[in-house]
Amino acid sequence: MNILVTGGMGYIGSHTCVELLQAGHTPIILDNLYNSNLAVLDNIAEITGKTPVFVQGDIRCRETLDGLFAQHKIDAVIHFAALKAVAESVQKPLEYYDCNVTGTLVLLQAMQAAGCNTLVFSSSATVYGSENQVPFCEDMPVGTATNPYGSTKIMMERILQDMAVANPDWKISLLRYFNPVGAHPSGKLGEDPNGIPNNLMPIICRVAQGKMEELLITGNDYDTPDGTGVRDYIHVVDLALGHLKALDKVVQTPGCSIHNLGTGKGLSVLELVQAFEKASGITLPRRFAPRRPGDIAESYANVDRAARELGWQAKHSSAEEICQDVWRFLTKSNKR
């Protein structure tokens, strides 16, 4: 199939393009390179032996989208393109609503005009909010967002659900990610955000590289085994493979489906830090700080539905394997 991958040069998008190519699909990447770079295209080609079509552009540009649909006869869309930094979303809410929500609306309009009705959407566990109890299940009510980024994901999900109700022939898969980490085992692809990183693993990497002085761990007084927050860290390759399973399922299933993509178990911040120190041989300078507003003690998935309906489960998400792959990426990509 010809698959339009919006945001396909990003961390999760690039790994998914690798798996698409290796499965015999043809990804067409649309990315504005806001949080990625052109070197990713060469790295995808080195891993797979194939260079995907790449167009630098924005999902809010209807002309660009119309051109892609007309030229490539696209069968389905995997929609990653979005701004995703929680703290930044608080400072720049209009930019987040414009990019994430308006961008999704423009994409859907272009899809409808082109007669393309199959979509896999990159959502987030943040939609569960703080009201629900772990493990988070897909049939729980959507929670209350604590930041504009979370609000955009809730809005985007609602738009897609309404679209499926209004158009019974549409086929939409909502994938709620937990905490993507890790890197491709080749060492050629990994997480390397532009600017100041927001997520834990890129911060750990910057500290290991000497680009940041210390690791600031926000909160060590949670009701968890070691006092630090517990999250469901899923290897990015497992996550990418989850998209292929969702794609295989959604092309046969009209309507809107929801699946968690996680490991089904929690790992504390300190456990992940210690696993990285073991993989790298580096002791990370760190200190504790007060909790961040809106953070919860634990977040991990119930993954029974993905196993039952998609035939998918995480296979590479031990802390040791995650951190070994991240360290390989840092050393092989000359980022160490």
Measure the spacing between CG of Asp226 and OG of Ser268 and express it to the nearest 0.5 Å.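 Between atom CG of Asp226 and atom OG of Ser268 there are 3.5 Å.
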Between the side chains of [Y] and [X], is the shortest nitrogen-to-carboxylate-oxygen separation below 4.0 Å, so that they form an ion pair?
X: Glu214; Y: Arg286; value: no
X: Asp238; Y: Lys315; value: no
X: Glu157; Y: Arg176; value: yes

Check the angle between the aromatic planes of [X] and [Y] and answer parallel, tilted or perpendicular using the 30° and 60° thresholds.
X: Tyr128; Y: Phe136; result: parallel
X: His79; Y: Phe121; result: tilted
X: His243; Y: Tyr177; result: perpendicular

Under 3.5 Å: donor-acceptor pair, side chain of [X], backbone of [Y]:
X: Asn43; Y: Lys188; answer: yes
X: Thr6; Y: Leu30; answer: no
X: Glu277; Y: Leu284; answer: yes
X: Thr118; Y: Ala76; answer: no
X: Thr102; Y: Cys99; answer: no
X: Asn35; Y: Asn194; answer: yes
X: Asp325; Y: His184; answer: no
X: Glu88; Y: Lys84; answer: no
X: His72; Y: Ile74; answer: no
X: Asn167; Y: Trp170; answer: no

Could you see if [X] belongs to whatever hydrophobic cluster contains [Y]? Use Ile, Leu, Val, Met, Phe, Trp, Tyr and a side-chain cutoff under 4.5 Å.
X: Ile159; Y: Tyr97; result: yes
X: Tyr11; Y: Ile204; result: no
X: Val303; Y: Ile234; result: no
X: Leu270; Y: Val181; result: yes
X: Met111; Y: Leu175; result: no

Heavy-atom closest pair, residues Ala110 and Asp66: CB-OD1, 3.8 Å
If you compare all heavy atoms of Leu215 against all heavy atoms of Val273, which two are closest, and at what distance to 0.1 Å? CD2-CG2, 3.5 Å
Can a donor-acceptor pair be found between the side chains of [X] and [Y] at a distance below 3.5 Å?
X: Asp75; Y: Asn2; value: no
X: Asp232; Y: Thr263; value: yes
X: Thr144; Y: Glu131; value: yes

Residues that Glu191 engages under salt bridge (Lys or Arg N to Asp or Glu O under 4.0 Å), provided they are two or more places apart: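 Per chain and number, Glu191 pairs via salt bridge (Lys or Arg N to Asp or Glu O under 4.0 Å) with no residue.
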If the test is side-chain contact (heavy atoms from CB on, under 4.5 Å), which one of Met155, Arg158, Lys153 qualifies with Val127?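 Only one option passes, and that is Lys153.
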Let me know which of Glu271, Gln324, Met201, Glu320 forms a side-chain contact (heavy atoms from CB on, under 4.5 Å) with Phe276.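 With Phe276 as partner, side-chain contact (heavy atoms from CB on, under 4.5 Å) holds for just one option, Met201.
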Could you check whether atom CG of Asp223 has more than 12 heavy atoms from other residues, nucleotides or ligands sitting under 6.0 Å from it?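 Not more than 12 within 6.0 Å, no.
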Would you say NZ of Lys171 has more than 12 non-hydrogen atoms from neighbouring residues, nucleotides or ligands within 6.0 angstrom?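 Atom NZ in Lys171 is crowded, with more than 12 foreign heavy atoms closer than 6.0 Å.
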Tell me whether Arg291 forms a cation-pi arrangement with Tyr222, defined as NZ or CZ under 6.0 Å from the six-membered ring centre and within 45 degrees of its axis.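 Yes, Arg291 lies over the aromatic ring of Tyr222.
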